[in-house]
Peer 1: 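One structure is given below, represented as structure tokens, and several questions about it will come after.
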There are 2 protein chains.
Amino acid sequence: MLTETIKVACSNCNLRELCMPMGFDQTEMQKLDEVVATRIKVKQGSNLFSHGDPFTSLYAIRTGFFKTSISTEDGREQVTGFQMAGEIVGLDGIVNDHHTCNAIALEDAEVCVMPFANVEDLSREFPVLQRHVHKMMSREIVRENSILMLLGNMRAEERLAAFLLNLVQRLHARGFSQSEFILRMSREEIGSYLGMKLETVSRTFSKFSEEGIIEVKQRYVRILNPDALKKIFNPSTC
Amino acid sequence: MLTETIKVACSNCNLRELCMPMGFDQTEMQKLDEVVATRIKVKQGSNLFSHGDPFTSLYAIRTGFFKTSISTEDGREQVTGFQMAGEIVGLDGIVNDHHTCNAIALEDAEVCVMPFANVEDLSREFPVLQRHVHKMMSREIVRENSILMLLGNMRAEERLAAFLLNLVQRLHARGFSQSEFILRMSREEIGSYLGMKLETVSRTFSKFSEEGIIEVKQRYVRILNPDALKKIFNPSTC
DNA sequence: TTACACGTTTGACTTACATCAAAACTCAAA
DNA sequence: TTTGAGTTTTGATGTAAGTCAAACGTGTAA
């Protein structure tokens, strides 16, 4: 985990609309630049933070791809999320002043460090930022609710369909193709996230492929029939 | 859902330490009383709020017991939590200005209505309250993480053991017995929360009972051997 | 180029839990 | 005190996904 001293401003960042509230004038925006202390690089495979680390900051992902996970004493891992550019990690640390999950870079990444003290100070000054922080946290709660629905009620095919649709939708919002992409995570990591074994993930990919819904080759995925995926995920809306 | 005009102060509330930050002097505490606008009664079986309702307030439970749930178009329900006195519901509504889940009273209840505008206004004035709100939201994120672990990695017995231990721990923190209690929810609701069918919940109860770990009679539960439960939930810590 | 490690796919078999069904219990209204 | 609706328990059977195992691909380093 390398630290750079380059000070970069949110005001010029092309991800601004993803991680920052909108509708500020020039001078307010400059004040808001103060949330970000530094920017750091995280090498593929290394931890941005780990279970037990003292909590100091939230991290806005600038480039790269992360997974967050928790694990039991006996070594079982549960992936709790995959995060990409413009998304925030670290919210789990606020409640106990230390992190309860691990954030691991799935590819070389760069993150903006936002010391939480700065976030809170500026939140008191700027109601728009305050509201933004609250929404961020609420969004995470709602996201986890929908994963609970996946794990509690859905079958393997429904889970994977929902996963692919969600992934492609987020990538599309970042200017990438809405039909093809490279998975940044292994079958095992997808399985952990979706509460199934890697073999089941692989079989379900193969099934979708045989049915002409997607094209898969290792980590390359191309969605040929998005409506079929939507239908699998939620039969009533199609 | 009946509205009472009785204005009740947090400063005199015996649940203060559960829903409010501590360490205020007299005058600050009086100011904080302003977060709560009114107190309302919710009849057993009726909704405090439902999916789609506009979001205006958070609710602190004063008495009674709630479940929160989300449902799919095709009618599948996922219980996302059970809440008791001193706990807060409604955080899901912040992100989209409307609620995404339902909060239903499992017994006659009384809740303190905290208009979110008040919460935000006072948060800017009192850093301690601000911090408290952030911790509340972070706690909910961490709680959901641990449910993900249950649903993604644990077997039926582990899930039910974890559920019982969590329930009894929270009841104990509120001054109730740490060994016996009455379940407020049905087998089906427990099953929905834990991602299993009601029959499996019932069978697992029976199994624990046969093994002398608990005594169950319908909704009455008495924990005879808490260590055995802990061992089932997490073999390595015992 | 070969060799090796690691991830992925596929097949054969097992199992934990779901499903279907019926009986037993609880409680409230007639 | 019956009746009936809703909930819980228990049994018999089915199945989606897990487990075990082997083959196949891909990338990397000698």
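All chains are named by letter (A, B, ...) in the order of the sequence lines, taking the proteins before the strands, and each is independently numbered beginning at 1. Note that the structure is predicted; figures quoted are calculated from it, not measured.
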Peer 1: Can you pull out how bent the helix from C:dT1-D:dA30 to C:dA30-D:dT1 is, comparing the axes over its first five and last five pairs, to 10°?
Peer 2: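 Rounded value for the end-axis angle: 30°.
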
Peer 1: Looking at A:Gln218 and D:dC24, is any side-chain donor or acceptor paired with a base atom of the opposite kind under 3.5 Å?
Peer 2: no

Peer 1: Please walk me through it: do A:Glu87 and A:Arg174 pass salt bridge (charged side-chain N to carboxylate O under 4.0 Å, His left out)?
Peer 2: CA-CA 11 Å; A:Glu87 298 178 331; A:Arg174 282 157 184 80; 3.6 Å; yes

Peer 1: DNA chain D: A:Glu199 or A:Glu157, which has the more 5' nearest nucleotide?
Peer 2: A:Glu157

Peer 1: Over all strands shown, is A:Ser202 touching base, sugar-phosphate only, or nothing at heavy-atom distances under 4.0 angstrom?
Peer 2: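 Here A:Ser202 touches the bases of the nucleic acid.
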
Peer 1: Assign B:Arg203 to base, sugar-phosphate, or nothing according to its heavy-atom contacts below 4.0 angstrom with the strands shown.
Peer 2: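 The residue B:Arg203 makes base contact.
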
Peer 1: For A:Arg219, answer base if it contacts any base atom (sugar-phosphate contacts may also be present), sugar-phosphate if it contacts only those atoms, and nothing otherwise; contact means non-hydrogen atoms under 4.0 Å.
Peer 2: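 Sugar-phosphate, backbone atoms only, no base.
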
Peer 1: Taking the side chain of B:Arg187 as heavy atoms from C-beta outward, which of D:dT8, C:dC20, C:dT8 is closest to it?
Peer 2: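 Of the candidates, D:dT8 comes closest.
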
Peer 1: Please verify the inter-ring angle class for B:Phe55 with B:His99; under 30° counts as parallel, over 60° as perpendicular, anything in between as tilted.
Peer 2: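 Correct class here is perpendicular.
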
Peer 1: Contacts to DNA chain D from residues 102-109 of chain A, heavy-atom cutoff under 4.0 Å, which residues?
Peer 2: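 Those residues whose heavy atoms fall under 4.0 Å from DNA chain D, taken from residues 102-109 of chain A, amount to none.
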
Peer 1: For B:Lys67 and B:Glu77, run salt bridge (charged side-chain N to carboxylate O under 4.0 Å, His left out): C-alpha distance rounded to whole Å, both residues' side-chain angles, the deciding distance at 0.1 Å, then the answer.
Peer 2: CA-CA 12 Å; B:Lys67 70 168 178 182; B:Glu77 186 193 43; 3.4 Å; yes

Peer 1: Just checking B:Ser206: base, sugar-phosphate only, or nothing, at a heavy-atom cut-off of under 4.0 Å?
Peer 2: sugar-phosphate

Peer 1: Have a look at A:Lys217 and say if it touches a base, only the backbone sugar-phosphate, or nothing, with a 4.0 Å heavy-atom cut-off.
Peer 2: sugar-phosphate

Peer 1: Which listed nucleotide (C:dA18, D:dA16, D:dG18) is nearest to the side chain of A:Arg155?
Peer 2: D:dA16

